[in-house]
Amino acid sequence: MNIQLLNKIAPIGLAELDNSYQVGDAIQNPDGIMVRSAVMHETVFNPELLAIARAGAGVNNIPIDRCTEAGIVVFNTPGANANGVKELAVCALLLAARDVVGGIDWVKSIAGTPDVAKQVEKGKSKFAGTELMGKTLGVIGLGAIGGLIANAALQLGMKVIGCDPFLSVEAAWNLDHCVIRAATFDEIYEKSDYITLHVPATKDTKGMICADSIAKMKDGAKIINLARADLVNAAELKAALESGKLSAYVTDFPTEDILDAPHVVAIPHLGASTEESENNCAVMAARQLDDYLKNGNIRNSVNFPALEQPRTSAARLCVLHANIPAVITGITYALAQEQLNIENMTNKSKGENAYTMLDISAAPSDAALERIQGITGVYRVRVV
């Protein structure tokens, strides 16, 4: 099988792919693709392509809808870079509370002048800030990253409130019991001294930090955005910083329209840029890709449901399809026509899409596979 690399992938991750794979950036007609930040929206997909593994959490560089229609499973690696982002978020909180960046720039500006030590003592008051202890942090999004930040902020002596309408049971178990649940984002806006964003950019979250939400915030509130640039309406954020309604904005998604605004600390997207995060993401992406290509198992797909089962027969049939009636009936009828016994079958759905995995007594004929592929709603069928 062929694996194409669209970005540099950590060697420790590539080591997870055995000698049955040809791996490289010059691979043609790949069965799988590993990618980090390369933009794929104009990519023409070859018919053999089965899966794309993103070594990271965000997948806005991948055309998900087009992949789904072609029966291409898109994986990401949620949580693999969570500790790196958590540590940067703690740094961002401190940068928002204390004008460390302004102070450093000022000290550099007096290099070569007389009595630097005296100037420092005299001028340091211009960069005074506040402490985090006792302040309230509002966390929007309590998944793998947001949950870690909430717990870390408690250790810094902060009061923490969080809101996540889609909080999973697993994420809830990992939250410290002292994190206070907010029923709505408005409650976060109204009660927080600091607000940190950890949600994906969707039609519901894009521009969520805007004039309306900022008006509900405390005067002098500070925003941390290590998630996505378009969660914020840049023009309305800038106006709030200029008026003093907001006193700081720290982000690692800088855009040209906020760089000249006051009280902005712009970091060059360093959230997951640690050796450990890159290694973790590469290993996780490679393992997920390998398991799907060889066994049909799906973990952490953004467009198809998670589905794993141990092999129980000589052949495994994997069908990616729309979540509509009669697809499973059509599949089982095609297998019955060939007197093939279904020894184990699992079907799961995720929104408008579904996945059916069948362990059967023998591999179906090409004619049977064509009949299944022809069922309305079927994206792709294969035997592994």
Side-chain angles (χ1 to χ4, degrees), residues 1-85 143-145 200 269 271-308 316 318 320 348 350 353 355 357 379-380 382 384:
M1 286 183 284
N2 298 322
I3 306 296
Q4 184 182 38
L5 308 179
L6 297 189
N7 295 104
K8 182 180 178 181
I9 304 295
I12 192 173
L14 299 181
E16 296 289 325
L17 302 172
D18 62 28
N19 292 333
S20 65
Y21 295 101
Q22 296 292 321
V23 182
D25 55 9
I27 292 291
Q28 300 295 312
N29 301 320
D31 300 285
I33 289 175
M34 294 187 72
V35 62
R36 291 177 60 199
S37 59
V39 177
M40 301 184 65
H41 290 283
E42 303 301 322
T43 301
V44 176
F45 298 130
N46 57 291
E48 300 88 350
L49 183 61
L50 298 170
I52 298 170
R54 160 77 163 99
V59 291
N60 57 314
N61 58 322
I62 301 171
I64 303 300
D65 290 345
R66 192 154 60 87
C67 289
T68 301
E69 292 170 1
I72 299 168
V73 178
V74 179
F75 297 97
N76 68 345
T77 56
N81 59 9
N83 189 69
V85 180
I145 295 171
H269 197 189
S273 294
T274 67
E275 180 181 345
E276 295 85 353
S277 287
E278 292 181 5
N279 287 346
N280 292 341
C281 288
V283 168
M284 190 172 178
R287 287 177 178 174
Q288 291 170 172
L289 184 61
D290 176 63
D291 197 16
Y292 178 67
L293 293 178
K294 290 180 178 176
N295 302 306
N297 291 324
I298 293 180
R299 287 171 290 158
N300 297 319
S301 169
V302 299
N303 57 342
F304 287 100
L307 197 164
E308 300 177 70
R316 169 167 286 182
C318 302
L320 299 165
K348 287 189 177 180
K350 182 175 185 176
N353 302 312
Y355 185 39
M357 184 187 292
Y379 307 135
R380 188 190 291 266
R382 70 184 181 111
V384 295

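Computed from a predicted structure; not experimentally measured.
The shortest heavy-atom contact between I62 and V74 is CD1-CG1, 4.0 Å.
The main-chain N or O of F75 is never found under 3.5 Å from a side-chain atom of R54 such that the two would form a donor-acceptor pair. Between the side chain of N279 and the backbone N or O of A10 there is no donor-acceptor pair closer than 3.5 Å. A donor-acceptor contact shorter than 3.5 Å links the side chain of N7 to the backbone of A38. Judged purely by atom type and a 3.5 angstrom limit, R299 has no side-chain atom pairing as donor or acceptor with the backbone of A306. Using a distance-only test at 3.5 Å, with no hydrogens or angles considered, a donor-acceptor pair links the side chain of R316 to the main chain of N295. Counting only distance, with no hydrogens or angles, the side chain of N76 and the backbone of A57 share a donor-acceptor pair below 3.5 Å.
Rounding to the nearest 0.5 angstrom, the gap separating the OG1 atom in T43 from the CD1 atom in I52 is 7.5 Å. Distance check: M357 CE to I298 CD1 gives 6.5 Å after rounding to the nearest 0.5 Å. Considering CG of D290 and CG of D18, their distance stands at 6.0 Å, rounded to 0.5 Å.
Between R382 and D31 no salt bridge is recorded (no basic side-chain N to carboxylate O distance below 4.0 Å).
Remark: the N297 side chain and the D291 side chain contain an N/O donor-acceptor pair separated by less than 3.5 Å.
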